[in-house]
Amino acid sequence: MSTQSASGSAQGGDERSTGSKDTLIVAFEDNRLLSQLFGEHDQHLALLEDRLGIEATPRGNHVALNGPPEACRSARKVLDEIYERIKQGIEIGPGEVDGSIRMNTMPQVRTHDKASSEEVAIRTKRRIISPRSPKQRDYIHALQNHELTFGVGPAGTGKTYLAVAVAAAALAAGEVDKIILSRPAVEAGERLGFLPGDMKEKVDPYLRPLYDALYDMLPGNQVTRDLEEGTIEIAPLAFMRGRTLAHSFIILDEAQNCTSMQMKMFLTRLGENSRMVVTGDPTQIDLPRGQVSGLVEAFSILESVDEIGRITFTDTDVVRHPLVAKIVRAYNGAHGPEL
């Protein structure tokens with residue numbers, strides 16, 4: 001039985017059924033791209049084998065896929081998608097392959113009725129970023145289409161990284177005039193007063209993940225220049241009071257450590273032609289015992305406001321090392337998710 005790959009990048013495929021297993025042969029037209037497609041030491045094929053329970057054997061410009069029929073078809077779709085990205089000059093690594101596997105095997109549940117069926121991607125000056133799970137896809141859509149979006153869930157789900165990516169893309173496209181990045185400087189066991197330097201130097205360690213994401217999206221010299229000129233502003237939450245943030249893309253990270261009053265203050269800073277993103281993990285609250293998290297409270301209070309994007313990630317959406325997902329799942333099993 002002859003089949004054609006989904007996007008047409010492969011020359012064709014032969015499918016032979018042997019009991020509960022199929023053998024699917026997929027051919028690719030440009031041999032020069034196969035080293036990138038298969039990965040160093042065929043690590044991308046090994047990832048397909050591990051995640052989908054198949055055998056993937058390279059033979060010249062062909063790949064022989066052997067295993068359960070549905071798994072083989074999913075593997076063909078993944079190879080097809082990755083091959084098309086490579087043809088477009090997009091850099092591919094195990095993370096991109098893992099993301100494509102997730103997108104082709106996880107339940108395709110939309111959290112937004114009007115979400116496009118087309119693939120969403122974020123184009124920054126340094127890279128093109130595609131979602132690595134259906135929930136990430138919905139999150140990107142929410143970030144691009146809502147003036148206020150909440151992204152909550154465990155570490156490793158891309159909440160902050162994707163928000164910074166969308167902000168960088170909006171700045172490059174002229175949709176906003178500046179990016180404002182903020183975090184509450186809650187002391188998780190440390191004391192700011194004991195840290196050396198002025199206030200900026202004291203709070204910089206708390207904001208380091210935001211810096212890291214910026215340097216991943218934009219050239220280093222541009223980040224440095226934009227920080228000096230104020231086009232990118234790093235602002236501890238305590239410095240937000242009294243401001244109206246217009247023509248800006250504003251991100252509040254680690255929002256689980258905001259108090260109720262801080263969260264209300266922050267949300268009411270939203271000004272004309274601005275977008276705001278609030279991210280956090282309700283299972284990692286560092287506030288004093290008994291104090292209500294502003295993130296948890298706001299997520300509940302604003303539930304009925306339709307104009308707000310709301311994405312809740314779970315351990316199945318963790319895109320870091322597979323062990324991270326297992327750690328999150330174990331802790332949730334021991335204590336239960338808080339949101």
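Computed over heavy atoms, backbone and side chain alike; hydrogens, waters and symmetry mates excluded.
- Applying side chain to side chain contact (heavy atoms under 4.5 Å, CB included) to Ser130 and the options Arg137, Glu96, Arg85 leaves one that passes, Arg85.
- For the pair Ile101/Ser74, no side-chain contact is recorded, criterion being any heavy-atom separation below 4.5 Å from C-beta on.
- Under the 4.5 Å side-chain contact rule for hydrophobic residues, Met263 and Val305 share a cluster.
- The CD1 atom of Ile311 sits 11.0 Å away from atom CD of Gln136, with the distance rounded to the nearest 0.5 Å.
- The existence of a salt bridge linking Arg126 and Asp216 is excluded, since no basic side-chain nitrogen approaches an acidic carboxylate oxygen closer than 4.0 Å.
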Evaluate the criterion salt bridge (charged side-chain N to carboxylate O under 4.0 Å, His left out) for residue pair Glu55 and Lys21; output intermediate values, then yes/no. CA-CA 11 Å; Glu55 294 179 1; Lys21 291 187 176 183; 5.5 Å; no
Run the salt bridge (charged side-chain N to carboxylate O under 4.0 Å, His left out) check on Arg183 and Glu254 step by step: do they pass? CA-CA 6 Å; Arg183 268 187 166 193; Glu254 297 290 344; 3.2 Å; yes
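- The local environment of CD in Glu91 is sparse, with at most 12 non-hydrogen atoms from other residues, nucleotides or ligands closer than 6.0 Å.
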With side-chain contact (heavy atoms from CB on, under 4.5 Å) as the test, would you mind laying out the steps for Asn257 and Gln262 before giving the verdict? CA-CA 9 Å; Asn257 289 326; Gln262 285 176 329; over 6 Å; no
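- Within 6.0 Å of CZ in Arg243 there are more than 12 heavy atoms belonging to other residues, nucleotides or ligands.
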Kindly indicate, with the supporting measurements, whether the criterion side-chain contact (heavy atoms from CB on, under 4.5 Å) is fulfilled by Glu228 and Thr224. CA-CA 6 Å; Glu228 292 174 350; Thr224 300; 3.7 Å; yes
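- At most 12 heavy atoms of other shown residues, nucleotides or ligands fall within 6.0 angstrom of atom CZ in Arg123.
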Output, in order, the C-alpha distance, side-chain angles, deciding distance and verdict of side-chain contact (heavy atoms from CB on, under 4.5 Å) for Ser248 and Val176. CA-CA 5 Å; Ser248 303; Val176 296; 5.6 Å; no
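- Across all their heavy atoms, His44 and Val97 have their closest contact at CG-CG2, 3.6 Å.
- Note: Thr149 OG1 to Gln144 CD = 10.0 Å, rounded to the nearest 0.5 Å.
- Counting heavy atoms from C-beta outward, Leu214 and Leu181 have side chains that approach closer than 4.5 Å.
- Put simply, CG on Leu37 and CG on Asp42 are 10.0 Å apart, with the number rounded to the nearest 0.5 Å.
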For a side chain to side chain donor-acceptor pair (under 3.5 Å) check, start with the C-alpha distance between Glu297 and Ser260, then their side-chain angles and the critical distance, and finish with the verdict. CA-CA 7 Å; Glu297 182 184 65; Ser260 177; 2.3 Å; yes
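- In this structure, the separation between OG1 on Thr259 and CD on Gln291 is 6.0 Å, given to the nearest 0.5 Å.
- Within the model, atoms CZ of Phe249 and CG of Leu143 stand 5.5 Å from one another, a figure rounded to the nearest 0.5 Å.
- Between Phe150 and Phe299, the two ring planes are perpendicular [angle over 60°; tilted spans 30° to 60°].
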Could you walk me through whether Asn66 and Thr23 pass side chain to side chain donor-acceptor pair (under 3.5 Å), step by step? CA-CA 4 Å; Asn66 182 261; Thr23 297; 2.7 Å; yes
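- Note that OH of Tyr161 and OG1 of Thr279 are 15.0 Å apart. Values are rounded to the nearest 0.5 Å.
- Between Lys125 and Met217, the closest side-chain pair of non-hydrogen atoms is not below 4.5 Å.
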